Amino acid sequence: GPAAPARALEPDVELTGELALTPDGLHGAAGLARTLPDGNRRFGLYLFALEEEGAAGAGRAFWKTGADLSAPVASPDSAWFACTAERISTPELAPHRGVLFIATDSGLAKDFTDVHDDWLEPQAWHGDELLCIGAVDGRRRLWRMAATGAITLLDLEGSAASVTVNEDEALVVRSSIDCPPEVVALKLYASDPGAIVYAPAVAARPPGRLERQEWHDEDGTAWRAWLCLPGEEPSKPLPVLVWCHGGPMLSWTDWSWRWNPWPFVADGHAVLMIDPPLSLGYGKQTIARGWGHWLTEVARVAVGQVRGLIGRDPR
């Protein structure tokens, strides 16, 4: 169609490049960024209509007080955009990430940012339900969210990285610390563990052992880690490498070509990968406990994990 007329944005607002269009071709959502006087940036969405002849209709900026919005995903019936809403942090308040629904025709919002204790991020729609990913105890799980905000857990091994939907089947890119990325077809309405449809790096699967480790703080709090070991029982104690993730809100969940422990394991080392406070997948309290307490909580617990786990007999 003819070129759409330019729509003026406020002087301190620019487009981020994110864009989602509804299946009926009548509505769109584009990412916005606003630069504040103090140099910080806030993120929102620009909701607009597309007229039949292809010219852009009226649009409006959508901002959520206290949160940044990103990654819009349009529903199959073109009624909603689901997006990630991340709570804006302060020195006293840790960030949190959840899901927000925005109606395409009215801009009314359904706020589901507090329905789950861990971070959720929308990926794809299946009918009137939204598939989201969110880390839980060392794995990035796959969740199904209803229009009411109720969520159920789908059975999937490994950690999901991205999801698309084809009819009643979800195609999931998954991996784990000891398994390179592969694509799995998951039946959404059947007790099907998923069939692998593409595994290009299957030969890279390492010949080693991955064990879950747990250390208890003096207050009884349990902190978890992964221990990577050779496949065969060692004849003598192994030298240990300790890996700490950055982020800071991350956790050890995925295969990594860059931070890969298995070449070191093959060279005769054990690799301990710890998840101290600020790690994802252990609840809001874990992030809140470490937020702003880098030495008294994050570093202290990390040292405790190493001291408590490094001397264990790997056999």
Side-chain angles (χ1 to χ4, degrees), residues 17-20 70-74 76 84 97 118-126 129-144 153-212 225-232 241 243-247 249-273 275 279-281:
E18 289 186 312
L19 177 65
S70 62
V73 184
T84 300
R97 190 172 291 175
D118 286 299
W119 292 24
L120 287 180
E121 301 177 31
Q123 292 288 299
W125 290 82
H126 178 240
E129 295 181 319
L130 179 69
L131 299 183
C132 306
I133 57 174
V136 177
D137 193 24
R139 290 171 54 192
R140 192 178 302 102
R141 308 298 297 275
L142 183 60
W143 305 85
R144 180 163 39 207
L153 183 64
L154 295 175
D155 186 19
L156 178 72
E157 294 183 0
S159 292
S162 63
V163 184
T164 58
V165 172
N166 178 25
E167 297 180 351
D168 287 337
E169 186 177 67
L171 297 176
V172 184
V173 179
R174 72 174 183 188
S175 73
S176 61
I177 293 173
D178 60 346
C179 178
E182 57 190 13
V183 180
V184 176
L186 184 69
K187 301 296 183 182
L188 293 174
Y189 285 123
S191 56
D192 186 346
I196 298 174
V197 297
Y198 187 58
V202 64
R205 199 166 189 133
R209 291 179 289 152
L210 181 65
E211 297 182 357
R212 200 68 165 131
W226 294 104
L227 182 62
C228 304
L229 297 166
E232 299 180 356
L241 300 175
W243 286 13
C244 301
H245 62 72
M249 275 72 67
L250 287 176
S251 57
W252 295 111
T253 57
D254 304 286
W255 176 274
S256 172
W257 295 105
R258 183 179 185 186
W259 310 114
N260 194 300
W262 302 108
F264 299 93
V265 172
D267 196 42
H269 293 76
V271 178
L272 180 64
M273 309 168 78
D275 280 340
S279 298
L280 287 182

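Residues take their numbers from the sequence shown, with the count starting at 1. From a predicted model like this one, the values you see are computed outputs, not experimental measurements.
Between L188 and the options E167, E129, R144, a side chain to side chain contact (heavy atoms under 4.5 Å, CB included) holds for only R144. Tested against C179, the residues E157, R205, R174 include a single side chain to side chain contact (heavy atoms under 4.5 Å, CB included) partner, R205.
Between R212 and D137 the shortest heavy-atom distance is NH2-OD1, 3.0 Å. The shortest non-hydrogen separation linking C228 to P261 is SG-CG, 3.7 Å. Summarising the geometry of A170 relative to L131, their closest heavy-atom pair is CB-CD1, 4.1 Å, with the distance given to 0.1 Å. Closest approach of E232 to R209, counting heavy atoms only: O-NH2, 4.0 Å. Minimum interatomic distance between V73 and A124 (heavy atoms only, all atoms of both residues): CG1-CA, 4.2 Å. Of all heavy-atom pairs spanning H126 and V165, the tightest one is CD2-CG1, 3.9 Å.
The main-chain N or O of A160 is found under 3.5 Å from a side-chain atom of R140 such that the two form a donor-acceptor pair. Using a distance-only test at 3.5 Å, with no hydrogens or angles considered, a donor-acceptor pair links the side chain of S175 to the main chain of W255. Of the possible polar contacts, none joining the W119 side chain to the L280 backbone as a donor-acceptor pair under 3.5 Å is found. A donor-acceptor pair is defined here as one N or O able to donate and one able to accept, closer than 3.5 Å; no such pair exists between the side chain of E121 and the backbone of I133. No donor-acceptor pair closer than 3.5 Å links the side chain of S251 to the backbone N or O of G281. H245 places a side-chain N or O within donor-acceptor distance of the main-chain N or O of L250, the cut-off being under 3.5 Å.
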Practice item. Output, in order, the C-alpha distance, side-chain angles, deciding distance and verdict of side-chain contact (heavy atoms from CB on, under 4.5 Å) for W226 and V271. Key: CA-CA 8 Å; W226 294 104; V271 178; over 6 Å; no
Exercise for review: Walk me through it: do V136 and W143 pass the test side-chain contact (heavy atoms from CB on, under 4.5 Å)?
Suggested key: CA-CA 11 Å; V136 177; W143 305 85; 3.6 Å; yes
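Taking CH2 from W259 and CD1 from I177, the interatomic distance works out to 15.0 Å, rounded to the nearest 0.5 Å. Interatomic distance, CH2 of W252 versus SG of C244, reported as 8.0 Å (0.5 Å rounding). Note that CG of L156 is 7.0 Å distant from CZ of R139, once rounded to the nearest 0.5 Å. One distance of note links CG of L210 with CG of L229; it measures 8.5 Å at 0.5 Å rounding.
Between F264 and W243, the ring planes lie perpendicular to each other; the angle is over 60°, past the 30° to 60° tilted range.
Inter-residue side-chain proximity for P180 and V202 is flagged as unmet; no heavy-atom pair is nearer than 4.5 Å. Looking at heavy atoms from C-beta onward, D178 lies in side-chain contact with W262 at the 4.5 angstrom threshold.
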